[in-house]
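Worksheet: one structure, shown below.
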Amino acid sequence: AIPYLTVAIRQASNRKEKQRWTFLLGQLYQVTDQRDKAYKVFSDIPGMNPPYDMDISARILQTEVYPGNNPTKPLKKLKRLSRSRKNKDYLDQIYYAMGNLYLTANDTTKALEQFHLSLNKATKQGPNKLKTLLVLGNLYYSMEAFRDAAPLYAEALPLLKKTDERYPEASFRAMVLKELEPPLTLIHETDSLVNLSTWSEEALNHHIDSLVKDAQKKAREERRKQNTQEALGKNQALSEDNRNDDKEPSHSTLDPTDKS
């Protein structure tokens, strides 16, 4: 698709079509992991004088494929955009983009701050909020801050379609964190009851790792059960359809001249 789209963009005489196809080309480069090319295309779009929604979206997507680790220049642009009144409806996306850039600079603290600002400014339960919930949940999960990750996955799951490629991981992690909630609450809030305060850091980490492995095992078992139930339900529905087809009367055509 990319070669044909590239030709179509070069030959396009309609300005709006050229803008739309260029944006699509950037998205295709992104999903095929051609980050440098995607960044270049998204960088070109604001100079094409597109509709404002497309301009902002291109700037946001740039941050998802930023090729360097020193995002000072794009951060300045985004901070300037965040101060403009006309961008009040886009603040959630702008803060999300800033969080992405801080991540590329390995500044996790500022990235977390921007992602939380993004959630606070989100006014709709749509795809933009979903992206922030997932990136923030994944970040906390990778940091083993499981109690912080849990509500983020719980909020994200209803916004995800089961056909979404992100659904399996988010669903699995949500199940793991649900299993982990009671013991982690005990560790963080009532450690004196089980004498955890006297444990060494190594022993405590080992204990938490064991809890995580147990929760992952239970989550895998729960997923297998769900998959089995769904498969049985589909088979049952198919069998019922086949039985109904067998019961339908045949409508053979009678020859009106047949007097037998």
Side-chain angles (χ1 to χ4, degrees), residues 20 23-24 26-31 33 35 38-39 42 45-46 50-66 71 74-75 77-105 107-178 180-181 219:
R20 184 163 50 86
F23 189 85
L24 178 58
Q27 291 178 304
L28 288 174
Y29 278 137
Q30 183 177 11
V31 298
D33 204 29
R35 296 171 64 88
Y39 184 81
F42 289 136
I45 289 173
Y52 198 64
D53 279 355
M54 185 181 291
D55 185 303
I56 288 288
S57 295
R59 295 178 189 275
I60 304 308
L61 290 174
Q62 267 186 285
T63 68
E64 295 182 357
V65 291
Y66 187 74
L75 275 171
K77 290 182 180 178
L78 289 171
K79 287 177 181 178
R80 188 167 62 249
L81 288 173
S82 71
R83 292 191 289 268
S84 173
R85 285 188 175 183
K86 70 177 181 179
N87 290 326
K88 65 178 182 178
D89 293 332
Y90 301 97
L91 285 176
D92 59 332
Q93 298 180 60
I94 293 170
Y95 288 129
Y96 164 79
M98 291 169 67
N100 285 334
L101 291 175
Y102 279 121
L103 275 186
T104 66
D107 192 337
T108 306
T109 301
K110 286 187 178 179
L112 289 171
E113 179 184 323
Q114 298 305 313
F115 289 137
H116 278 292
L117 281 172
S118 175
L119 287 183
N120 290 337
K121 295 296 182 180
T123 57
K124 298 178 181 178
Q125 296 278 46
N128 293 323
K129 184 174 184 178
L130 174 59
K131 285 201 296 186
T132 305
L133 286 168
L134 289 177
V135 73
L136 194 51
N138 292 341
L139 189 54
Y140 277 129
Y141 196 92
S142 68
M143 296 165 59
E144 297 189 356
F146 299 122
R147 297 178 74 225
D148 293 314
L152 296 165
Y153 285 117
E155 189 175 352
L157 270 185
L159 304 178
L160 270 172
K161 294 181 179 180
K162 289 188 176 181
T163 53
D164 193 306
E165 62 180 7
R166 298 168 294 180
Y167 183 85
E169 180 180 71
S171 175
F172 179 72
R173 287 183 174 183
M175 286 190 288
V176 169
L177 294 171
K178 186 177 180 180
L180 279 174
E181 184 178 0

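Throughout, residue positions are numbered sequentially from 1 according to the sequence presented.
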N/O donor-acceptor pair under 3.5 Å between [X] side chain and [Y] backbone:
X    : Y    : answer
N128 : Q93  : no
S57  : M54  : no
S171 : Y167 : no

For side-chain contact (heavy atoms from CB on, under 4.5 Å), just list the numbers for Y95 and M98, CA-CA rounded to whole Å, side-chain angles, deciding distance to a tenth of an Å, and then say yes or no. CA-CA 5 Å; Y95 288 129; M98 291 169 67; 4.1 Å; yes
Assess the residue pair T108 and L139 against the criterion (side-chain contact (heavy atoms from CB on, under 4.5 Å)); give the C-alpha distance rounded to whole Å, side-chain angles, the decisive distance to 0.1 Å, and a yes or no. CA-CA 9 Å; T108 306; L139 189 54; 4.3 Å; yes
Output all residues satisfying ring pair (Phe, Tyr, Trp, His ring centres under 6.0 Å) with Y39, sequence neighbours left out; order by chain, then residue number.
->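 Partners of Y39 by the ring pair (Phe, Tyr, Trp, His ring centres under 6.0 Å) criterion, ordered by chain and then number, come out as Y66.
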If the test is side-chain contact (heavy atoms from CB on, under 4.5 Å), which one of N100, T63, L101 qualifies with P74?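 The passing option is L101.
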> R80: what forms a salt bridge (charged side-chain N to carboxylate O under 4.0 Å, His left out) with it, not counting sequence neighbours?
Replying inline: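 Expected list: none.
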Practice task
Check salt bridge (charged side-chain N to carboxylate O under 4.0 Å, His left out) between D107 and all other residues, then give those that pass, not counting sequence neighbours.
Solution key: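 If we apply the salt bridge (charged side-chain N to carboxylate O under 4.0 Å, His left out) test to D107, skipping adjacent residues, there are no hits.
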Could you give the distance from [atom1] ([X]) to [atom2] ([Y]), rounded to the nearest 0.5 Å?
X    : Y    : atom1 : atom2 : result
T123 : K121 : OG1   : NZ    : 11.0 Å
R147 : L180 : CZ    : CG    : 11.5 Å
D164 : E169 : CG    : CD    : 11.5 Å
L134 : L159 : CG    : CG    : 8.5 Å
I94  : I56  : CD1   : CD1   : 5.0 Å

How far apart are the closest heavy atoms of A58 and P46, and which atoms are they?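 Smallest heavy-atom distance, with atoms named: CB-CD, 4.5 Å.
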Note to self: For K131, I'd like to know if atom NZ has over 12 heavy atoms of other residues, nucleotides or ligands within 6.0 Å.
What the structure shows: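 More than 12 heavy atoms, drawn from other residues, nucleotides or ligands, come within 6.0 Å of this atom.
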Residues in side-chain contact (heavy atoms from CB on, under 4.5 Å) with Q27, at least two apart?
->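 In terms of side-chain contact (heavy atoms from CB on, under 4.5 Å), with neighbours along the sequence ignored, Q27 is linked to F23, L24, F42, L61.
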Is any side-chain heavy atom of [X] less than 4.5 Å from a side-chain heavy atom of [Y]?
X    : Y    : answer
K124 : K129 : no
D33  : R35  : yes
L130 : R166 : yes
N87  : S82  : no

Check your understanding: Which residues pass the side-chain hydrogen bond (donor to acceptor under 3.5 Å, both in side chains) test with Q30, sequence neighbours left out?
Key ->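 Expected list: E64.
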Item to complete: Begin from the C-alpha positions of V135 and Y96 and carry the test side-chain contact (heavy atoms from CB on, under 4.5 Å) through to its verdict.
Response: CA-CA 9 Å; V135 73; Y96 164 79; 4.0 Å; yes
Side chains of residues 109-119: which donor-acceptor partners sit under 3.5 Å, not counting sequence neighbours?
from: H116; atom 1: NE2; to: Y140; atom 2: OH; distance (Å): 2.9
from: S118; atom 1: OG; to: D92; atom 2: O; distance (Å): 2.7
from: S118; atom 1: OG; to: T132; atom 2: OG1; distance (Å): 3.1

- Message: Can you confirm if the NZ or CZ of R173 lies within 45° of the ring axis of Y141 and under 6.0 Å from the centre of its six-membered ring?
- Response: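 Pair R173/Y141 counts as cation-pi.
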